[in-house]
Amino acid sequence: MKFELVEMENAQHFATNYMAVPGLSESLGLPYLNAYLDAVGSNFSHGANFATAGSTIRPQNTTLHQSGFSPFSFNVQWYQFHDFHHRSQIFRTKGIFQELLPKAEYFSRALYTFDIGQNDLTAGYFLNMSTNEVEAYVPDVLDQFKAIVKYIYGEGGRSFWIHNTGPVGCLPYILDRLKITAAQLDKAGCATPFNDAAQYFNRKLKQAVVQLRKDLPSAAITYVDIYSLKYSLFTQPRKHGFEESLRACCGHGGKYNYNMHMGCGGKITVHGRQVLVGKPCQDPSVWVNWDGVHYTQAANKWLFDQIVGGSFSDPPVPLKFACHTHHQPH
């Protein structure tokens, strides 16, 4: 789950990952966004990034140590944004850190971006749920998502850029950790049941976006089909300039170069000395996956280059116009 806002006064707005932060910021001629939790010395005048690794929409009933999922779920990120909005204006009115904090009007001109779904789906699978059980809780996940989008709207937010979720069944950490039969693999080597769940999530997310457009008539809401693009990286990697798709660039051992106990950067002790075994591949620019969970910078840049023009968006508007209220299709 990723949630950010990008301010684009000169380009006119706020926003959010390379895909969503460096790529978006670069395309708008803005500096990269600072993380809200990395506040000391940060400049939030052009936006803020509220995302944390491993976060979900629904709060998880496990600890970070138990499950690997962040305690900073979407509701916590909302509380952080709410506090940031109000406290930043208190400081500005006192003349404190004015050059580092956004102006009040930026919050309504901001672009609020979201990249969601993957962690909420995998959280269920890692608790040994079936695909039917995972799909059963998707409506509740999306109800919570819609509620917080409405809260942000209540804070003045009007422009929203929402990515659907990608083909989780193609990721090394899924292929390595979950039970998958040969019959469940498609021609690209991806696990069909988990991709089916992702597509189900996306259908329900699309319905949620349609409802949000009805409920928030003054909002400009863009739905971005990341799934189709990401899946094409696994089915036709060479067509897009990549050589390796299903294996992790940075990792250690196994069919997918992924080991949950020895990840990217992992070390072992040999004769009293630390030895790096979770090494990166020689050329990450031709690999799709970085560490078993995340995409490489090269893959994210390719993805961003495809979506920035609006070809995979509903409505099909370029990113630079995403903060302009437009006719919302139903």
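With a 6.0 Å radius and a threshold of 12 heavy atoms from other residues, nucleotides or ligands, Tyr151 has its OH atom at or below the threshold.
For Lys206, the salt bridge (Lys or Arg N to Asp or Glu O under 4.0 Å) partners two or more places apart in sequence, or in a different chain, are Asp314. When the side chain to side chain contact (heavy atoms under 4.5 Å, CB included) test is applied to Gln207, the partners found at least two apart in sequence or on another chain are Lys204. Scanning for ring pair (Phe, Tyr, Trp, His ring centres under 6.0 Å) contacts around His252 gives an empty result, with sequence neighbours left out. By the ring pair (Phe, Tyr, Trp, His ring centres under 6.0 Å) test, Phe242 is found to be paired with no residue, residues two or more places apart in sequence or in another chain being considered.
Nearest heavy atom pair, residue His163 against residue Leu205, reads O-CD2, 3.9 Å. Of all non-hydrogen atoms in Ala188 and Thr235, the two that sit nearest each other are CB-CG2, 3.9 Å.
Looking only at atom types and distance, the side chain of Asn164 has a donor-acceptor partner in the side chain of Tyr223 under 3.5 Å away. In this structure, a donor-acceptor pair under 3.5 Å is absent between the side chains of Ser45 and Glu99. A side-chain N or O of Asn75 and one of Ser73 form a donor-acceptor pair less than 3.5 Å apart. Side-chain atoms of Gln236 and Ser232 include no donor-acceptor pair closer than 3.5 Å.
None of Asn195, Asp186, Thr192 except one satisfies the side chain to side chain contact (heavy atoms under 4.5 Å, CB included) rule with Pro167; the exception is Asn195.
In this structure, Tyr36 has its ring center no closer than 6.0 Å to that of Phe81.
Pairs of residues two or more places apart, or lying in two chains, that qualify as side chain to side chain donor-acceptor pair (under 3.5 Å) and include a residue from residues 254-274 are Thr269-Gln274. Identified under the ring-ring contact (aromatic ring centres under 6.0 Å, His included) test for residues 188-211, with sequence neighbours left out: Tyr125-Phe194.
Disulfide check for Cys264/Cys250 passes, with the SG atoms closer than 2.5 Å.
Figure legend: Arg158 and Tyr153 shown as a cation-pi pair, the cationic atom lying under 6.0 angstrom from the six-membered ring centre and within 45 degrees of its axis.
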